[in-house]
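In listed order, ligands and their atoms are each counted from 1.
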Amino acid sequence: MPCERCGASLDRTAAASHECDPERLAEYQMFGMRHEIAGFEKRLRDYLDRAHGRFEVWLAAHHVRRKT
Ligand SMILES: [Zn+2]
């Protein structure tokens with residue numbers, strides 16, 4: 001049966017004394033979260049696009065106010 005935290009395959013006797021290898025644990029959790037990570041990167045890009053758009057609007061308004 002696999003360890004539910006790190007995915008290592010364990011037999012019943014090893015399971016009780018098993019301690020997850022930190023490197024394997026990190027890789028397994030990253031693998032499990034890969035869709036969320038990909039989604040996060042997309043949301044971050046969307047956010048930055050919007051933030052950039054807002055800055056452009058602010059900058060344009062700022063220039064307009066300075067001229068008047
Ligand atoms: Zn484990």
Checklist entry - In the hydrophobic cluster built from side-chain contacts under 4.5 Å, what are the other members alongside W58? => result F55, L59
Checklist outcome for this item: side-chain contact (heavy atoms from CB on, under 4.5 Å) with L10: of S17, P2, C3, only one passes, and it is C3
Which atom pairs, donor and acceptor, lie under 3.5 Å between side-chain atoms of residues 23-41 and protein residues at least two apart or in another chain?
residue, atom, partner, partner atom, Å
R24, NE, C6, O, 3.2
R24, NH2, G7, O, 3.2
R34, NH1, F31, O, 2.6

Item to check | Crowding at CD, E56 (>12 non-hydrogen neighbours, <6.0 Å) | outcome: yes
Item to check | Distance criterion under 2.8 Å: protein N/O/S atoms around the Zn ion (ligand 1) | outcome: 4
Item to check | From E19 atom CD to R5 atom CZ, the distance as rounded to the nearest 0.5 Å | outcome: 9.0 Å
Item to check | Residues forming a side-chain contact (heavy atoms from CB on, under 4.5 Å) with D46, sequence neighbours excluded | outcome: K42, R50
